[in-house]
There are 4 protein chains.
Amino acid sequence: MNDKKTRILKATEKLLAIYGFHGLSMQMVAKEAGVAAGTIYRYFEDKDDLLHQLYDHILNHVANKVTQNVSDDMPLKDRFRTMWLNIWNMANQEDAPLINRGQFENLPRRNGTEQRQMEQKLFAKVNQLFDEGKASGLFKQLDNEILSVLSLEPSACLARKHINGVFRVDETSREAAIDACWDAITQH
Amino acid sequence: MNDKKTRILKATEKLLAIYGFHGLSMQMVAKEAGVAAGTIYRYFEDKDDLLHQLYDHILNHVANKVTQNVSDDMPLKDRFRTMWLNIWNMANQEDAPLINRGQFENLPRRNGTEQRQMEQKLFAKVNQLFDEGKASGLFKQLDNEILSVLSLEPSACLARKHINGVFRVDETSREAAIDACWDAITQH
Amino acid sequence: MNDKKTRILKATEKLLAIYGFHGLSMQMVAKEAGVAAGTIYRYFEDKDDLLHQLYDHILNHVANKVTQNVSDDMPLKDRFRTMWLNIWNMANQEDAPLINRGQFENLPRRNGTEQRQMEQKLFAKVNQLFDEGKASGLFKQLDNEILSVLSLEPSACLARKHINGVFRVDETSREAAIDACWDAITQH
Amino acid sequence: MNDKKTRILKATEKLLAIYGFHGLSMQMVAKEAGVAAGTIYRYFEDKDDLLHQLYDHILNHVANKVTQNVSDDMPLKDRFRTMWLNIWNMANQEDAPLINRGQFENLPRRNGTEQRQMEQKLFAKVNQLFDEGKASGLFKQLDNEILSVLSLEPSACLARKHINGVFRVDETSREAAIDACWDAITQH
DNA sequence: AATGAATGAGCATTCATTCAT
DNA sequence: GATGAATGAATGCTCATTCAT
């Protein structure tokens, strides 16, 4: 049943977060999910497929998180700040243990156009933000992907280093970082 | 001889870039390096040690590349631009196949203070740049690590996506991206 | 199934008898037992566990053999003679190839009290023989372990040397040896 | 030089006593002996040969120890008692770490007649004791090997169990055991 | 549909032995 | 003679995958 597939995905995510990529065996997943080893192969072609689907599963979750509490009628800056903080907060939340990237970013992922389109759709609100910003003359005239790397990627990167203890980021610094990211993409 | 150790490191780097972290076996490394499997263990304690040493090896290379052609008497902006491009260019060069990060960043690394200090020293020039910028009132008053994430990390990130074909970055966009990164860390 | 576990134990015993402790590899065991290498690890934690369990398995067999056809109502001397010959005969039988000690005695064995108690119970009849002999004033007042070494150990030792061709022991000599062992433990 | 050969044998004996048969590698022996790995092969054909020669080396030592302080003009019983105690004492002495049998008895040994003859000669005094005892009508008319197993083997066996902590043998018991062994081989 | 015992190729690592110096 | 770096087959063990039930 669908129930089982979900349990397998959840188990995989959990174990991946705990033991990392190396320490993940199909038998462990089976045990954690409460199914037989063979059952996994009824829902997933092989280990790669399991990981691919997990990627999609998590990406979906991420997209929802990133764009939550963001509505079209909010001022651009508010929308940006909300998204930036959504990304920042994700790292601290238990329900998405893999977002402490490193582990997520390096999941094997499919590279077809189909995959690309899906990802586009998931992050439609982000693209909309950048499109509006450019149309209004507020943002620099750069591809959305580049704007994203300049302004949102640092949020994820800082959060990861913060959470991993590489260095601390206090609230004041964090607010300054948000403004700096805003400075990066706006015209001067 | 030292020759063999180097060949083993080079082989590991190459195979890691091709097959990723998993799918890297000691026998593969041996074959690629043109030595016997047992020989690896003459130079490296075990697989972990091989990876640790590779990390240091590459980090050294990276640090040199990043700070090359950067001297203290250049204007801040020039220094910054040079470093940014150094990072960008690294991704395109065959001699450092792992810099298409993702794979490099996730090498297991030692976490002692000793390791941290070594890394600090390697990137002294980067820190100097940020320190001078802040002292002169040109840069925002933020920790060097944060400034680095805001301004240099995007270079690596864009380069990686560029090289992996996620999207194209033409020269004009690249120059605009450099300016945007500069905007991120300077006062307005 | 239990069948497989038994086959693995039998195969181990056989190969141990032929090739000795070293020269016993898990793959050899697997091949001889007609199972895949990995299957062994379904029934035994690791090589040590396999050897431990084999020890128990054989000790059980030995205990049964040694005390077979021995009943409490037989005269002491008859019981002793029967056990002595049971030990002697074991060496000649194909179903217990490791009894040509040397190899058996040096199997790694667990050393917990649990193990000790199990062994005590297995050889209860031997202890009973010695206890009765001492109670009746027929035997010397020595610990059972010492009496055992003086009277039964030589049987195993002679049998081993006989079987290994170190020297021949004809029937007359054997009977004399039994009497000699009896002389060793009885009062004079 | 002869010096090196001796050092290699001593090193082997020591390491064998500490790490057992399994944990003995040629590189360890080389290190302990203070020679290069390759040097071992100048004095010994291969690992087997090293072990064979160690066997002979130790057997020589054992033979000397067993028959020390034994002279032809001592009464039979005194000679016997001395040998019995020589065997018993060997187990406690540091200079022959392998005698705690198990490890020694299971060294691979050559089985040629040549080997047999050498062993005969080493234990000539033991044979002489038994021959005299039989000639005088004091001992049972049994092969020397059998007499040996009945009377001296228990000494080694008890000593081993004593030293390994299987059970304690106090002085009184030990004297009784010597008498019991004497009873085993004498006529009644 | 689901199971889980069985598989066997693959892994990291060791070590007896060789041989150029 | 002596060295010790190099070898590569062999080891104990794991784990993705299959398939009879």
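All heavy atoms count here, side chains included; hydrogens, waters and symmetry mates do not. Letters go in sequence order (proteins before strands), and every chain restarts at 1.
For DNA chain E, each stem of at least three Watson-Crick or G-U pairs (distances under 3.5 Å) is given as range with range: E:2-21 with F:2-21.
For the ring-ring contact (aromatic ring centres under 6.0 Å, His included) test, residues two or more places apart in sequence or in another chain that qualify with C/Phe21 are D/His22. Contacts of A/Ala30 classified as side-chain contact (heavy atoms from CB on, under 4.5 Å), with partners at least two apart in sequence or in another chain: A/Val35, A/Ala37, A/Ile40.
For C/Leu51 and F/dG12, the CG to C1' distance is 13 Å, given to the nearest whole Å. E/dG4 atom P lies 18 Å from atom CE of A/Met28, rounded to whole Å. For the pair A/Arg42 CZ and F/dC19 P, the interatomic distance rounds to 13 Å; values are reported in whole Å. As rounded to whole Å, 15 Å separates atom P of F/dG12 from atom CZ of C/Phe44. Residue C/Ile40 contributes atom CD1, which lies 17 Å from atom P of E/dA5 at whole-angstrom precision. Spacing between atom NZ of C/Lys5 and atom P of E/dA5 amounts to 13 Å, rounded to whole angstrom units. The nearest whole Å value for the distance from the CD1 atom in A/Ile8 to the C1' atom in E/dT3 is 13 Å. Atoms CG (A/Asp3) and C1' (E/dA1) sit 14 Å apart, rounded to a whole Å.
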Which pairs, protein N/O on one side and nucleotides 15-17 of chain F N/O on the other, fall under 3.5 Å?
| residue | atom | partner | partner atom | Å |
| --- | --- | --- | --- | --- |
| F/dA16 | OP1 | A/Leu24 | O | 3.4 |
| F/dA16 | OP1 | A/Lys47 | NZ | 2.8 |
| F/dA16 | OP2 | A/Met26 | N | 2.4 |
| F/dA16 | N7 | A/Gln27 | NE2 | 3.0 |
| F/dA16 | N6 | A/Gln27 | NE2 | 3.3 |
| F/dT17 | OP2 | A/Tyr41 | OH | 3.0 |
| F/dT17 | OP2 | A/Lys47 | N | 2.9 |

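At E/dA5, none of the side-chain N or O atoms of C/Lys4 fall inside 4.0 Å of OP1 or OP2 (strictly under the cut-off). Taking side-chain N and O atoms only, B/Tyr43 has a distance below 4.0 Å to OP1 or OP2 of F/dA6.
Residues D/Met118 and D/Leu122 have side chains in contact (heavy-atom distance under 4.5 Å, counting atoms from C-beta outward).
Expressed to the nearest 0.5 Å, how far CZ of A/Phe44 lies from OG1 of A/Thr39 amounts to 11.5 Å. One finds the OG1 atom of B/Thr6 at 9.5 Å from the OH atom of B/Tyr43 (value rounded to the nearest 0.5 Å). Here the CZ-CG distance, from A/Arg7 to A/Asp3, works out to 5.0 Å after rounding to the nearest 0.5 Å.
Each salt bridge (charged side-chain N to carboxylate O under 4.0 Å, His left out) pair with one or both residues in residues 32-43 of chain D, not counting sequence neighbours, appears once here: D/Lys14-D/Glu32.
Scanning all heavy atoms of the two residues, the minimum distance from C/Thr12 to C/Val29 falls at OG1-CG1, 3.5 Å.
Of the two residues contacting DNA chain E, namely C/Gly34 and A/Ala36, the nearest-nucleotide position lying further toward the 5' end is that of A/Ala36.
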Identify every side-chain donor-acceptor pair in residues 47-59 of chain D under 3.5 Å, counting partners at least two apart or on other chains, and give the distances.
| residue | atom | partner | partner atom | Å |
| --- | --- | --- | --- | --- |
| D/Lys47 | NZ | D/Leu24 | O | 2.9 |
| D/Asp49 | OD2 | D/Glu45 | N | 2.9 |
| D/Asp49 | OD2 | D/Gln53 | NE2 | 3.2 |
| D/His52 | ND1 | D/Pro108 | O | 3.1 |
| D/Gln53 | OE1 | D/Lys5 | NZ | 3.0 |
| D/Tyr55 | OH | D/Arg109 | NH1 | 3.4 |
| D/Asp56 | OD1 | D/Gln115 | NE2 | 2.9 |
| D/Asp56 | OD2 | D/Arg110 | NH2 | 2.8 |

